[in-house]
Amino acid sequence: SEPLDSAAKAILHGNDKGGYTVPTAGLYPYQWNWDSMFAAWGFSTFDIPRAWEEVETLFTGQWPSGMVPHILFHRPDPGYFPGPDVWGCDGPVPSSGISQPPVAATFIRKIWEQDPEAGRAHIERLVPQLADWHRWFMAWRTDRGAVFITHPWEAGRDNAPDWDNAMARIDPVGVGEYQRRDTAHVDASMRPTKEDYDRYIWLVQRGRRLGWDDAKMAEDPPFRVADPGMTFILLRANRDLEALAAEVGHPTDEIADWTRVLEDGAETLWNEELGCYDSRDAVHGGWGESLSNASFLCWYGGVDRPEMLRQLDRVMSKARYGVASYDPDGAKFDSKRYWRGPIWGIMNTLIGLGLSQCGHEEQARRVKATTRALIEDHGFAEYFDPLNGAPAGGGRFTWTAAIWLAWAG
Ligand code: DGY
């Protein structure tokens, strides 16, 4: 609708810092990797040059290794912890030392398709950069073909129950005193716990001590969990990268090989007992024991599985809106705490795109309709309580506005 379209555009403009967009004022005052790619897709619905600018700015932060960091600290901001001084990274732009879900190739393709001529120079430049990033994932973040994370923030699903077992193995000895900033912006009941934060910071301190050197960090790793979210997202991104590469005459053989490796890897995440795609501890073995909204990214990755449709029906029947981030029947369900229950519009979007691509139109329509109703009734929050739709986390949120413009609205 017109009022909501205007409100969504005003959010994107309000969070625009000139060349990049922050997720929301206060809580997240920098450029976040996947947030920014959703922002670019949102901008592309009314300003394609601005969409390309967002993408190009993100890639100015790419490391020589190919890694594209999860946060770029373009300008100092005391309202966020842990900032650039804690990460201690020396990439081309001050940044964090880990990556984030690589949705970029997929949204770059969507932006390019809207005006192929105007986008040609961009994709000619970006395809090799995307290939370097995907190659880095294949080299440093795969276990039996599934993509693992080295820090919960790398998955973007910070406190998902998926990581509980692996996080419990970490003794965050020596983490020291630090002051969280997130709970000054958002109620603590909607954020990760102190036990989680001690381990988040401990893992950052370890990376810094090792100079963020991939080979050193791979020795005796304290945390490595293969994630259905990262695996399906890279799988999908890789298919899109192959299409873009073909378009600009960049070699595609290597990219096609990665797709095959990831397809096999995805099957190593099938938890027979739980009947769903699940996260898997890549150091010690064992399941995350979590049916999450990332499990439902299978279709987005191009992997269809009838059991997952049945799981989706069940999960959607338990909550009024969209797809809860964790099984509402699960023992750890918490309708307000970040990735342990709340609905995320961006995840619904990726799930909906996947369902539609696999021909499950009825389910795709249902996910979209509930997401649209959620935003119409409760605004552009960061995430929402699945039971009553109550807005949670940050307000005036970039990616929620972006998916309204590009998909839900
Ligand atoms: C945070 O600070 O909560 C972010 O999710 C880290 O990426």
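By convention here, the first residue in the shown sequence is residue 1. Both counts, for ligands and for their atoms, begin at 1 and track the order of listing.
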Checking side-chain polar atoms at under 3.5 Å, does T268 have a donor or acceptor matched by the opposite partner on R280?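 Looking only at side-chain atoms, R280 and T268 do form a donor-acceptor pair, the distance falling under 3.5 Å.
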
Any side-chain donor near an acceptor of the partner, W299 and D304, under 3.5 Å: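 Their side chains do contain a donor-acceptor pair, which is all the 3.5 Å distance test asks for.
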
More than 12 non-hydrogen atoms from neighbouring residues, nucleotides or ligands closer than 6.0 Å to CG on D220, yes or no?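 No, not enclosed.
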
Would you check, one step at a time, whether the test side chain to side chain donor-acceptor pair (under 3.5 Å) holds for T24 with E382? CA-CA 8 Å; T24 188; E382 181 180 5; over 6 Å; no

Does the structure place the NZ or CZ of R305 under 6.0 Å from the centre of the six-membered ring of W270, at an angle of no more than 45° from the ring's axis?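 Yes - R305 lies over the ring of W270, closer than 6.0 Å to its centre and within 45° of its axis.
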
Can you see whether F46 has K9 sitting over its ring - NZ or CZ less than 6.0 Å from the centre and within 45° of the normal?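 Yes, K9 sits over the ring of F46.
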
Using a 4.0 angstrom limit on heavy atoms, which residues are close to ligand 1?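 Those residues closer than 4.0 Å to ligand 1 by some heavy atom are Y28, W32, H70, Y80, W153, D158, R191, Y197, Y338.
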
